Colleague: 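Before anything else, here's the structure in question.
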Amino acid sequence: MNTAFGQSTVLGYPRIGADRELKKAVEAYWAGALDADGLARTAAGLRAEVWRTLRDARLDAIPSNTFSYYDHVLDTAVAVGAVPARFARLGLSEMDTYFAMARGVETEPALELTKWFATNYHYLVPEIAADTVFTANPAKALTEYAEARALGLTTRPVLVGPATFLLLAKGDDPFARLDELVGTYAEILTALADAGVPWVQLDEPGYVTDRTPAEIDALRRAYTRLGTLTHRPRIFVASYFGELGDALPALLDTPVEAIGLDLVAGAGNLQRLAAAGPLGGRTIVAGLVDGHNIWRTDLRAAVSIGATIAGLADHVAVSTSCSLLHVPVDLTAESRLDPRLAERLAFARQKVDEVVLLGRALRDGTTVLPAPLPAAPAAWRHDEVRGRLAALRPTDRRRGDYETRAARQQDRLGLPELPTTTIGSFPQTDELRRARAAYRAGGLDDAGYTARMRAEVERVIRLQERLGLDVLVHGEPERNDMVQYFGEQLDGFAATEHGWVQSYGSRCVRPPVIFGDVARRAPMTLDWSTYAQSLTSRPVKGMLTGPVTILAWSFVRADQPLADTADQVALALRDECHDLEAAGIRVIQVDEPALRETLPLRRADQRAYLDWAVAAFRLATSGVADDTQIHTHLCYSEFGEVIDAIDALDADVTSIEASRSKMEVLDDLAAVGYGRGVGPGVWDIHSPRVPPADEVVEALRRAVAAVPASRLWVNPDCGLKTRGYREVEASLRQLVAAAAEVRRD
């Protein structure tokens, strides 16, 4: 029996720190308030804290090299030498080159940013050019392994696997270079073996999506080559977020010692494993604890699945279904949650305990498992909302034809060609954050808080007027987060105090928890929008977050279909749209940046999801008159995969992230005959650089070549809350000037 792996492990752990220490240190480094040595000390302390936590929890096998200053895919790019020449020639330090790839510099835009499979985590897309020379650079993995050894721990370094790395990359057929890249991985494995590393984890989530026979054969070829190296650590190939399908027998044909299977999102992995035949002494790492949600595991059901696998494999280790990167750190930090809800939850630290408990139960069969939870309280049910849903008709999800709407909206709004706008938020200054914190703590009363926020709204309105924007926003100073803000005002939601999760780089969010039926208690945005509109004669957008995104960026109840919860949220938003319209708001934006993110990874499952996702958006937005203009916004996703659904949303205007991808989305829109308003982003707001004027003009000219000027809008890629006012003013000035120049053309 191969027991060297141990009985319990996790695929990764949150790296931001319990109090977002990493975020604060990285941002201090960017601001020049912390030097590289100080940043490195903070990082080393966070890594040591994680390893001690996992050791003290009695976890058998502990991963390393899961820490990242920004993104683990970027870390893997550095480890294999895939640093684009445009960054390598900047002459910066290794640390600053790394951050230049992530954030861009004045002379070079950053790598493209997009979503990590079906999560709200954003990864940086590797660029593989003809002149890319793969070079082994195992320094980070070796350093972290040595740090853990100094604490008396033997860890398992983790890297993104070679096949998934190239499947995620951009370039002229990057996957054609797999054999070359595998040679670089072989060098890394040899270096790890020289350092005494017993196990290495190579993540291949790219194979839980639909893959061609050639791609699956390439996976087999890659791991046959790595597995037959004479001097290497034992190899654990981890998959997560779904079913491996035909890739599982391909991996079983290779000499790798362990294979990880997600048995939460990929229940079919069990049947595929049972059909595979003898497993040849291989360890199966069973992902029985959900790493992507915060609900407690049904331990009795999980141990039953584990026992079934134990009957098939020589050795089974229990794990999380994916890295715990996607959940908050520790539930014990929460003091304000309803105890009836808290008893149903498990954050990363509690999920480690579940993994250890399941591992012991599988090993000796005598571990006492907790009793099942009681039924959900009746108070979590909302009969009025359920009655409204039951009474819905098909016409509740339809508006009039677009041409009629567009004409009436233009008569009402009187906008020029290439109208300029922003996506919604303006910079969240330290003063605003302090005011919100004081209000929450009781140090600022209602009147004082309202006055402070209104002053910021007026500042934002006046700034946009001076810059010459056509459709304005109120800037959202009152909002902590585009989902949390609504969750705090809706029944059926709970907010955490410390439930931070990394979204990208130093950006962290606190996803709310949807535990019951969703209902609107009162208007949520009306006062702020109407106040902003009272300050100007230009149209001000009402700003809402769409039902799919509210679900995607929350931890959602698992006791009813997602479609039902989406419609409950949509009814609340429909009522909000009605109130905004009745108050004279002429433009309402309902953002759905998570539409692609929530798409099932297998094509066979996608149609059902897209049907209910589109239906929920249309339920939210179809109660307004033809002359009220509905906008939506999408960002940082592979839009081509959901382009038909974007069209089916039937929004009057769709703004889409496009600057890092060089307007590629316009080809997708043209391919489906998209015929409504569109605003492809011309400014990458996830970078601190101010785009040069000629760069914005060039992007707009590419857009005008693909979309008639009568339907084209000019806007940034996303909201501006993470930027500072200096760069915002400069960049928006460039945007408005570029629109004017292209209008003259």
Side-chain angles (χ1 to χ4, degrees), residues 396-400 402 405 409 413 421-425 471-474 476 479 481-487 489-490 518 520 523-526 528-530 532-533 539-554 563 565-583 585-598 610 612-635 637 639 642 645-657 676-679 681 713 715 718-719:
D396 292 323
R397 304 181 195 262
R398 289 201 296 266
R399 297 182 73 196
Y402 171 70
R405 294 181 346 230
Q409 290 160 18
L413 296 170
T421 190
T422 65
I423 301 306
S425 60
V471 176
L472 313 187
V473 297
H474 80 283
E476 305 176 12
R479 302 188 190 184
D481 174 81
M482 64 184 291
V483 172
Q484 181 185 344
Y485 174 79
F486 290 96
Q489 300 183 77
L490 291 167
V518 177
R520 190 183 75 143
M524 301 175 285
T525 66
L526 186 63
W528 302 113
S529 295
T530 53
Q533 187 63 78
V540 176
K541 288 192 282 190
M543 299 300 305
L544 307 176
T545 302
V548 173
T549 299
I550 286 179
L551 261 63
W553 296 354
S554 301
T565 306
D567 274 354
Q568 291 180 352
V569 176
L571 281 179
L573 296 174
R574 185 183 181 93
D575 294 344
E576 192 75 11
C577 286
H578 179 270
D579 287 345
L580 288 168
E581 181 183 54
I585 301 300
R586 296 167 281 170
V587 181
I588 301 173
Q589 182 170 308
V590 182
D591 291 342
E592 282 293 22
L595 180 68
R596 165 60 183 84
E597 170 189 321
T598 318
L610 290 172
W612 68 253
V614 168
F617 180 88
R618 293 180 68 148
L619 177 61
T621 57
S622 293
V624 298
D626 285 351
D627 62 355
T628 295
Q629 192 171 75
I630 294 292
H631 288 225
T632 191
H633 171 66
L634 301 96
C635 60
S637 292
F639 300 117
V642 293
I646 293 174
D647 192 28
L649 294 176
D650 196 30
D652 298 304
V653 179
T654 300
S655 56
I656 303 182
E657 174 271 323
R676 290 179 293 282
V678 62
W713 285 64
N715 48 257
C718 199

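If you read the sequence from its start, that first residue is 1, and numbering goes on from there. Hydrogens, waters and symmetry mates are skipped; everything else that's a heavy atom, side chains included, is used. Everything numeric here is computed off the predicted structure, so don't read it as measured data.
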Colleague: Go through it in stages, so that I can follow the logic: the residues are V653 and Q589, the test is side chain to side chain contact (heavy atoms under 4.5 Å, CB included), and I'd like the CA-CA distance, side-chain angles, deciding distance and then a yes or no.
Modeller: CA-CA 9 Å; V653 179; Q589 182 170 308; over 6 Å; no
Colleague: Is there a side-chain contact between Q629 and P539 (heavy atoms, below 4.5 Å)?
Modeller: no
Colleague: Ignoring hydrogens and angles, tell me if any N or O in the side chain of R596 forms a donor-acceptor pair with the backbone of L634 under 3.5 Å.
Modeller: no
Colleague: Could you tell me whether the side chain of L544 reaches within less than 4.5 Å of the side chain of D591, counting heavy atoms only?
Modeller: no
Colleague: With rounding to the nearest 0.5 Å, note down the distance linking OG in S425 to NE2 in H474.
Modeller: 10.0 Å
Colleague: Hey, could you give me the CG/CE distance between D575 and M524, rounded to the nearest 0.5 Å?
Modeller: 8.5 Å
Colleague: If you take all heavy atoms of A620 and C577, which pair is closest and at what distance?
Modeller: O-SG, 3.6 Å
Colleague: Are D627 and R586 close enough, and set up right, to give a side chain to side chain contact (heavy atoms under 4.5 Å, CB included), and what steps lead you there?
Modeller: CA-CA 8 Å; D627 62 355; R586 296 167 281 170; over 6 Å; no
Colleague: If you take all heavy atoms of T545 and V590, which pair is closest and at what distance?
Modeller: C-CG1, 4.3 Å
Colleague: Taking C-beta and beyond as the side chain, do V548 and T598 meet within less than 4.5 Å on heavy atoms?
Modeller: yes
Colleague: Which heavy atom in D626 sits nearest to a heavy atom in G400, and how many Å separate them?
Modeller: OD1-N, 3.8 Å
Colleague: Grab the two heavy atoms, one from A583 and one from T530, that are nearest each other, plus how far apart they are.
Modeller: CB-CG2, 3.5 Å
Colleague: Taking only residues two or more places apart in sequence or in another chain, which ones pass ring pair (Phe, Tyr, Trp, His ring centres under 6.0 Å) with H633?
Modeller: none
Colleague: Minimum heavy-atom separation for T628 and I588, please, with both atom names.
Modeller: CG2-CD1, 4.0 Å
Colleague: What's the separation between atom CG in D481 and atom CD in E476, rounded to the nearest 0.5 Å?
Modeller: 10.0 Å
Colleague: Enter the distance from W713:CH2 to H631:NE2 here, rounded to the nearest 0.5 Å.
Modeller: 4.0 Å
Colleague: Decide side chain to side chain contact (heavy atoms under 4.5 Å, CB included) for V587 and L413; before the verdict, give the C-alpha distance in whole Å, the side-chain angles of both, and the deciding distance to 0.1 Å.
Modeller: CA-CA 9 Å; V587 181; L413 296 170; 4.0 Å; yes
Colleague: If the condition is side chain to side chain donor-acceptor pair (under 3.5 Å), which residues does E576 pass it with, not counting sequence neighbours?
Modeller: R520, T525
Colleague: Tell me every residue that passes side chain to side chain donor-acceptor pair (under 3.5 Å) with T654, counting only those two or more places apart in sequence or in another chain.
Modeller: Y674
Colleague: Looking at residues at least two apart in the chain, or sitting in another chain, which of them share a salt bridge (charged side-chain N to carboxylate O under 4.0 Å, His left out) with R405?
Modeller: D650, D652
Colleague: Is a side-chain N or O of E581 found less than 3.5 angstrom from the main chain of A625, in a donor-acceptor match?
Modeller: yes
Colleague: Can you confirm whether T632 sits close enough to T621 that some side-chain heavy atom of one is under 4.5 Å from a side-chain heavy atom of the other?
Modeller: no
Colleague: Check whether any side-chain N or O of E592 sits under 3.5 Å from a backbone N or O of T549 as a donor-acceptor pair, and report yes or no.
Modeller: yes
Colleague: With distance as the sole test, does R399 use its side chain to make a donor-acceptor pair with the main-chain N or O of G623 at under 3.5 Å?
Modeller: no
Colleague: List the atom of S622, the atom of D396, and the distance in Å for their closest heavy-atom pair.
Modeller: CB-O, 3.6 Å
Colleague: So how far is it from I646 CD1 to I656 CD1, rounded to the nearest 0.5 Å?
Modeller: 4.5 Å
Colleague: Just to verify, what does W553 make a ring pair (Phe, Tyr, Trp, His ring centres under 6.0 Å) with, not counting sequence neighbours?
Modeller: none
Colleague: In Å and rounded to the nearest 0.5 Å, what is the CD1 to CD distance from I550 to Q568?
Modeller: 12.5 Å
Colleague: Before you tell me yes or no, could you show the steps for N715 and T422 under side chain to side chain contact (heavy atoms under 4.5 Å, CB included), namely the whole-Å CA-CA distance, both residues' side-chain angles and the distance that decides it to 0.1 Å?
Modeller: CA-CA 5 Å; N715 48 257; T422 65; over 6 Å; no
Colleague: Residues in salt bridge (charged side-chain N to carboxylate O under 4.0 Å, His left out) with D567, at least two apart?
Modeller: R397
